[in-house]
Chemist: 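Questions regarding the structure given below will be posed in turn.
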Amino acid sequence: MRRTRITVIGAGNVGATTAHRLAEGQLGDVVLVDVVEGMPQGKALDLAQAAPVVHHDCIVAGANDYDATADSDVVVVTAGFARRPGMSRDDLRDANARIVAACVQRACKVSRESTIIMVTNPLDVMCEVARRVSGFPRERIVGMAGILDTARLRAFLAREMNVSTESVSALVLGGHGDSMVALPRFTTVAGVPVTELLPQERIDAIVERTAQGGGEIVKLLKTGSAYYAPAAGVFEMVDSIVKDRKKILPCSVYLQGEFGLSGVWVGVPCRLGRAGMEGVFEIKLTAAEQAQLARSAADVKAQMDKLPAELAVE
Ligand code: TXD
């Protein structure tokens, strides 16, 4: 039987932490790819040498090209810049679009049946770059952001109510970050909506802090952005895909009519399994929630329309 192979492109903070989690979680052999010579090989060797102590048998390899990634089941894309001082969102979009296009093109050529998990920011727009250059069906491209946004919301609510994070579940839709749409009536503690447990102003404050979650960490770290929680989010997606667990997880998906939206990448609950994004889990929204989601989708669409011309192929 063939072993599962997972490629992680970009061996920086998110990529290396993801590789670490994937190997220790025994999800498959891992190939770390980066443009920096020696760095992915060095990190891979380090991770491989931990195997006897932490008891896994996954093979971890590093590379600067894509030969070793051939026939991957999942390709995780973390390559690119995080926002730096003086860089506008537009600058980041165009710089990362070029990096992501180059990586995805090379990776897809040798792993035609893989599922791509996009992580690079601006997340929803980078999913579109992957769609354009890979030619993959929408089922085999998903973006990781919703798990991170809901995890942040769950962590804050658990602290607020002094309960286990496991007892809190949350639902967040929409674009990643400040345009996310939290749905408090579907956010529950032991099944009870938080709207019945906390005053509205506390919920609003926690939702606002969640939406700014990444920015708060960037300010504290000064040298980069979050990576432990993002890597945990990627792990959960890979786990559901390679083990065909069919978890319902919030991911960026290319909508084709669901939630009344088409031709745009938006965070929605979907089922992840061996075939990738196996279906959108639609829920009935109120008019106000629908309007918020449509606004968030319009923000993403406006960014998609500004992608560099050489990527504007259909
Ligand atoms: O929720 C989410 N989706 C996110 C996204 C959460 C956290 C971070 N998010 C974004 O992921 C962040 O805004 C960045 O766009 C990416 C990667 O963040 P990370 O913190 O890992 O950045 P690093 O540490 O700078 O690592 C990026 C690596 C670095 O080693 C570069 O050498 C490499 O990407 N890189 C490349 N690798 C392969 N091929 C090419 N062309 C390439 N260019 C840069």
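All of these numbers come straight from a predicted model, not from anything done at the bench. First listed ligand is number 1; within each ligand, the first listed atom is number 1.
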Chemist: Rounded to the nearest 0.5 Å, what's the gap from NZ on K222 to CD1 on I217? Could you check?
Modeler: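 With rounding to 0.5 Å, NZ (K222) is 14.0 Å from CD1 (I217).
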Chemist: Relative to Y254, does R131 satisfy both conditions: NZ or CZ under 6.0 angstrom from the six-membered ring centre, and within 45 degrees of the ring's axis?
Modeler: yes
Chemist: Between E128 and R138, is there a salt bridge with N-O shorter than 4.0 Å?
Modeler: no
Chemist: Quick one: does R5's side chain get under 4.5 Å of I59's, heavy atoms only?
Modeler: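 No, every pair of side-chain atoms sits at 4.5 Å or beyond.
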Chemist: Strictly below 4.0 Å, N to O, side chains only: are D299 and R295 in salt-bridge contact?
Modeler: no
Chemist: Check ligand 1 against the protein and report each N/O to N/O distance under 3.5 Å, formatted as atom name, atom name, distance.
Modeler:
{"residue": "ligand 1", "atom": "1 (O)", "partner": "H176", "partner atom": "NE2", "Å": "3.2"}
{"residue": "ligand 1", "atom": "3 (N)", "partner": "V119", "partner atom": "O", "Å": "2.9"}
{"residue": "ligand 1", "atom": "3 (N)", "partner": "M144", "partner atom": "O", "Å": "2.8"}
{"residue": "ligand 1", "atom": "13 (O)", "partner": "N121", "partner atom": "ND2", "Å": "3.2"}
{"residue": "ligand 1", "atom": "15 (O)", "partner": "F81", "partner atom": "O", "Å": "2.8"}
{"residue": "ligand 1", "atom": "15 (O)", "partner": "N121", "partner atom": "N", "Å": "3.2"}
{"residue": "ligand 1", "atom": "21 (O)", "partner": "N13", "partner atom": "N", "Å": "3.3"}
{"residue": "ligand 1", "atom": "21 (O)", "partner": "V14", "partner atom": "N", "Å": "2.8"}
{"residue": "ligand 1", "atom": "24 (O)", "partner": "N13", "partner atom": "N", "Å": "2.8"}
{"residue": "ligand 1", "atom": "30 (O)", "partner": "D34", "partner atom": "OD2", "Å": "2.7"}
{"residue": "ligand 1", "atom": "32 (O)", "partner": "D34", "partner atom": "OD1", "Å": "2.6"}
{"residue": "ligand 1", "atom": "32 (O)", "partner": "D34", "partner atom": "OD2", "Å": "3.4"}
{"residue": "ligand 1", "atom": "34 (O)", "partner": "G80", "partner atom": "N", "Å": "3.4"}

Chemist: Could you tell me whether D73 and R274 make a salt bridge, using a distance below 4.0 angstrom between a side-chain N and a carboxylate O?
Modeler: yes
